[in-house]
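First up is the structure itself, then whatever we jot down about it.
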Amino acid sequence: MPMWRWLSLILLVLLIFLQSRLWWGPGSMQEVRALRAQVQAQAADNDRLQKRNALLEAEVADLKNGTHAIEAHARSELGLIKPGEVFYQVVPPANPAGASSAGP
């Protein structure tokens, strides 16, 4: 009988040791949950960056092949106009002398 008690005690200690490593040791369940959360965050970031890269690739392809994007950039950034076009610049009116810009 004493042999079974020692064997049971050794197995119980081994079980407690293995369970403690599973829950609190290196590679524990807490660490696995944290790593899964990091993977999800990185996947979301990668998706956002892939969408941005796809837009940039489309813009580069448009700049290489078409003139519409070049013309749009020249008009918006450089203020260029085509021959025969008239350029109008709308300037908002200045505030009257006594009026304040804060509302009522």
Side-chain angles (χ1 to χ4, degrees):
M1 281 298 217
M3 174 90 163
W4 288 106
R5 284 186 180 173
W6 283 108
L7 184 60
S8 298
L9 183 62
I10 291 172
L11 289 176
L12 181 63
V13 168
L14 183 64
L15 179 67
I16 291 171
F17 173 73
L18 291 175
Q19 284 293 314
S20 68
R21 294 220 33 203
L22 175 67
W23 293 103
W24 299 289
S28 66
M29 297 298 285
Q30 293 172 345
E31 191 175 330
V32 168
R33 274 189 235 116
L35 289 174
R36 283 185 181 157
Q38 285 179 354
V39 167
Q40 287 179 342
Q42 187 64 50
D45 196 34
N46 288 350
D47 288 341
R48 180 184 60 81
L49 291 173
Q50 284 177 344
K51 288 176 185 175
R52 186 195 71 179
N53 287 346
L55 289 173
L56 290 173
E57 286 176 7
E59 186 175 352
V60 167
D62 191 30
L63 286 171
K64 284 182 179 179
N65 298 326
T67 59
H68 295 289
I70 295 171
E71 183 178 331
H73 280 292
R75 286 176 176 272
S76 66
E77 295 174 10
L78 302 175
L80 298 179
I81 57 173
K82 288 183 179 179
E85 287 183 336
V86 179
F87 176 73
Y88 293 98
Q89 182 174 5
V90 179
V91 179
N95 287 339
S100 69
S101 59

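Keep in mind the model is a prediction, meaning the values are calculated, not measured. Throughout, residue positions are numbered sequentially from 1 according to the sequence presented.
- Note that the CD atom of Gln19 and the CG atom of Leu14 stand 10.5 Å from one another [nearest 0.5 Å].
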Take Asn46 and Gln42, measure what side chain to side chain donor-acceptor pair (under 3.5 Å) needs, and give me the verdict at the end.
-> CA-CA 6 Å; Asn46 288 350; Gln42 187 64 50; 3.0 Å; yes
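- A distance of 10.0 Å separates CZ of Arg48 from CG of Asn53, quoted to the nearest 0.5 Å.
- Under a hydrophobic-cluster definition in which Ile, Leu, Val, Met, Phe, Trp and Tyr are linked whenever side-chain heavy atoms come within less than 4.5 Å, directly or via other members, Leu18 and Leu11 are assigned to different clusters.
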Could you check Leu56 against Arg52 for side-chain contact (heavy atoms from CB on, under 4.5 Å), going step by step and ending with a plain yes or no?
-> CA-CA 6 Å; Leu56 290 173; Arg52 186 195 71 179; 4.2 Å; yes
For residues 77-88, which side-chain N or O atoms pair as donor and acceptor with protein atoms under 3.5 Å away, sequence neighbours left out?
from	atom 1	to	atom 2	distance (Å)
Glu77	OE2	His73	ND1	3.3
Lys82	NZ	Glu71	OE2	3.4
Glu85	OE1	Arg75	NH1	3.2
Glu85	OE1	Arg75	NH2	3.1
Glu85	OE1	Lys82	N	2.9
Glu85	OE2	Arg75	NH2	2.9

